[in-house]
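Both backbone and side-chain heavy atoms feed into the values below; hydrogens, waters and symmetry mates do not.
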Amino acid sequence: MSKTILIQQAHVVNEGQIQVADVLISGELIKKIGQIPAEEAEVIVDGRGKYLLPGAIDGQVHFRDPGLTHKADLRSESRAAVAGGVTSFIDMPNTRPNTLTLELLAEKYRIAAEKSLANYAFLLGINGDNLEEVLQWDTSDLLAITDDGLYFSGKGNILADRPDMLERIFSSHKGILAIHSEKEEIIEKNEEEYREKYGDDVPVKFHPIIRSEQACYEATERAIALAEKHGARLHILHLSTAKETSLFRNDIPLKEKKITTEVSVHHLWFSDKDYESKGTLIKWNPAIKTQKDADGLLEALLDDRIDLITTDHAPHAIDEKLKPYFQSMSGAPLVQHSVVCLLEFHKQGKISLEKIVEKMCHNPAILYQIDRRGYIREGYFADLTLVDLDSPWTVSKDNILYKCGWSPLEGTTFHSQVLKTWVNGHQVFDQGSFDESVTGKALDKSKA
């Protein structure tokens, strides 16, 4: 039986406010918020001077399970997630085999129920191989369908490059289509140009020129135009350029938007200047671009043109990353460090705690219509994280929890630290220690 837990006198960051309050957890749920007598609880947690946030919901991860578990698996990466204050995640379909059927989707949920310490959802993949079948299936209970990551398994799988397929989906699918937005034709032309100059060993600093602003902008502009033509629901994953932010609106609430987007932490944290020191460790698709892009993305996040913060957590074995440019795998691990990256921006005066919580907790729940999560509210699931904003530490091999064992943030000193994390009322993480006796739950769509 779970014990009743009272978190006392924490600075509760929730729904645009910060207030000192007690939070009482009973079973899986938040029972009461306010001034609560200690006698009502079996376990007391001293929150004085600390900040209590809703657990972050990471809307885009690649946890590699099943089929690619030499890189990561649902246990290892969910462990890293909860240590970083992330209590729920949405996983992409480019596992092996690609998640292109409802049977394969159900298998991922089965594995997660056994292994994941965080709450979980999995997106169904859609491409040219299964498009007609997906449009016939009942996908109303799924958070979204997506093409993300599927381009690795063959040319022509980026839907943003296939207006014929987008037209077909938008004309009949009523739910969210989340897409990777780059134009392959432009990328391929740029690749040819740089191969002529450098052969196979193109310096990685040219990655944002090969996977260019133009490739991103033209794909996103076209996808949005097609979605608007059909009144369809489109979500653009991991926006990477300042120019693209002009395509999104901030004059209506998120729940009324049909066209939405997100920014991943690395597109805010790094810039093209970091390729010199980090090399292929920060090779992501879409590419990390200029400081002007990073600044423009942050500005759009703050003024609500960008709706979510995600990680696009995509671990690879280190030897897969440290190859020449064209052979190096794209993606890197981030889910353990996303919350502290944003808290560092807060310490630098770039973003408020309330806005961090809005973009990492509230908005994913709104956008994907997730039932009773993302907020600190009575009757909601007790997905919570307690952080210390004045507790410096440095990322090193000793404290990296990713199965791949490395991070592009190694050597970075953060000034805030995640102390404790609760998932469905169960304290799964406590200052470096884990209680793995209870696994997370599948994220349900709200029926409201």
Side-chain angles (χ1 to χ4, degrees), residues 55-100 104-125 142-150 152-153 178 180 237-238 262 264-266 284-285 308-318 320-321 329-339 360 364 368 370 373 383 400-409 421 423 428-429 434 436 439-443:
I57 301 171
D58 193 335
Q60 191 193 357
V61 305
H62 303 261
F63 278 3
R64 308 300 191 198
D65 201 347
L68 297 165
T69 53
H70 69 285
K71 304 174 191 273
D73 62 54
L74 281 161
R75 178 185 175 272
S76 65
E77 307 314 282
S78 67
R79 208 167 171 266
V82 297
V86 174
T87 55
S88 300
F89 63 84
I90 300 172
D91 186 74
M92 298 292 125
N94 60 322
T95 38
R96 193 169 291 165
N98 291 162
T99 316
L100 298 175
L104 289 168
L105 188 68
E107 175 64 7
K108 289 179 82 168
Y109 276 97
R110 186 195 64 76
I111 296 168
E114 294 179 358
K115 295 169 70 170
S116 180
L117 300 184
N119 303 312
Y120 47 86
F122 300 94
L123 297 195
L124 178 67
L142 304 184
L143 301 190
I145 60 174
T146 186
D147 68 340
D148 191 59
L150 300 180
F152 288 115
S153 60
H180 178 114
L237 297 162
H238 43 43
E262 66 187 43
S264 293
V265 173
H266 50 280
W284 263 279
N285 299 341
L308 310 186
I309 299 168
T310 61
T311 63
D312 191 16
H313 173 89
H316 297 285
I318 190 65
E320 295 173 321
K321 287 296 286 179
M329 301 294 287
S330 292
L334 253 180
V335 75
Q336 184 183 344
H337 301 106
S338 58
V339 171
M360 300 188 85
Y368 289 110
I370 298 168
R373 299 190 191 277
D383 297 340
I400 290 170
L401 297 172
Y402 310 127
K403 191 173 189 179
C404 66
W406 65 274
S407 165
L409 293 164
T421 303
V423 176
V428 65
F429 178 75
F434 294 85
E436 302 185 34
T439 53
K441 301 168 77 75
L443 299 177

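Under the side-chain hydrogen bond (donor to acceptor under 3.5 Å, both in side chains) test applied with E77, the options K71, H313, K403 reduce to a single match, H313. W284 pairs in a ring-ring contact (aromatic ring centres under 6.0 Å, His included) with only one of the listed residues (H266, H180, H238), which is H266.
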Please report the C-alpha distance between T311 and V86 in whole Å, then the side-chain angles of each, then the deciding distance to 0.1 Å, and finally whether the side-chain contact (heavy atoms from CB on, under 4.5 Å) criterion is met. CA-CA 11 Å; T311 63; V86 174; over 6 Å; no
Can you check side-chain contact (heavy atoms from CB on, under 4.5 Å) on Y402 and V335, steps first, answer last? CA-CA 9 Å; Y402 310 127; V335 75; 4.0 Å; yes
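Relative orientation of the F89 and F122 rings is perpendicular, given thresholds of 30° and 60° on the angle between their planes.
Every salt bridge (charged side-chain N to carboxylate O under 4.0 Å, His left out) that E436 has, sequence neighbours left out, goes to R75, R79. Residues that satisfy the side-chain contact (heavy atoms from CB on, under 4.5 Å) test with A314, not counting sequence neighbours, are H62, R64. The salt bridge (charged side-chain N to carboxylate O under 4.0 Å, His left out) check on D312 picks up nothing, with sequence neighbours excluded.
A donor-acceptor pair is defined here as one N or O able to donate and one able to accept, closer than 3.5 Å; no such pair exists between the side chain of T421 and the backbone of V428. The closest donor-acceptor contact from the side chain of W406 to the backbone of I400 lies at 3.5 Å or more, if one exists at all. Here the side chain of D91 pairs a donor or acceptor atom with the backbone of F63 at under 3.5 angstrom. Side chain of Q336 to backbone of L401: a donor-acceptor contact under 3.5 angstrom is found. No donor-acceptor pair under 3.5 Å is formed between the side chain of S88 and the backbone N or O of I57. With Y120 contributing its side chain and K108 its backbone, the two residues share no donor-acceptor pair below 3.5 Å. For the pair N119 (side chain) and G440 (backbone), a donor-acceptor distance under 3.5 Å is absent. A donor-acceptor distance shorter than 3.5 angstrom exists from the side chain of S78 to the backbone of L74, with no hydrogens or angles considered.
In this structure, the separation between CG on L142 and CG on L105 is 6.0 Å, given to the nearest 0.5 Å. To the nearest 0.5 angstrom, N94 atom CG is 8.0 Å from L68 atom CG. Here OG1 of T310 is found 9.5 Å from CD1 of I90. Values are rounded to the nearest 0.5 Å. Note: L124 CG to N98 CG = 11.0 Å, rounded to the nearest 0.5 Å. Atoms CD and CG, from Q60 and L237 in turn, are 4.5 Å apart once rounded to the nearest 0.5 Å.
Contact record, L117 with V82: O-CG1, 4.1 Å, taken as the closest heavy-atom pair.
S116 and T439 are not linked by any side-chain donor-acceptor pair at a separation below 3.5 angstrom, with hydrogens and angles left out of the test.
A 4.5 Å side-chain heavy-atom check between L123 and L143 finds at least one atom pair inside the cut-off. Counting heavy atoms from C-beta outward, I309 and S338 have side chains that stay 4.5 Å or more apart.
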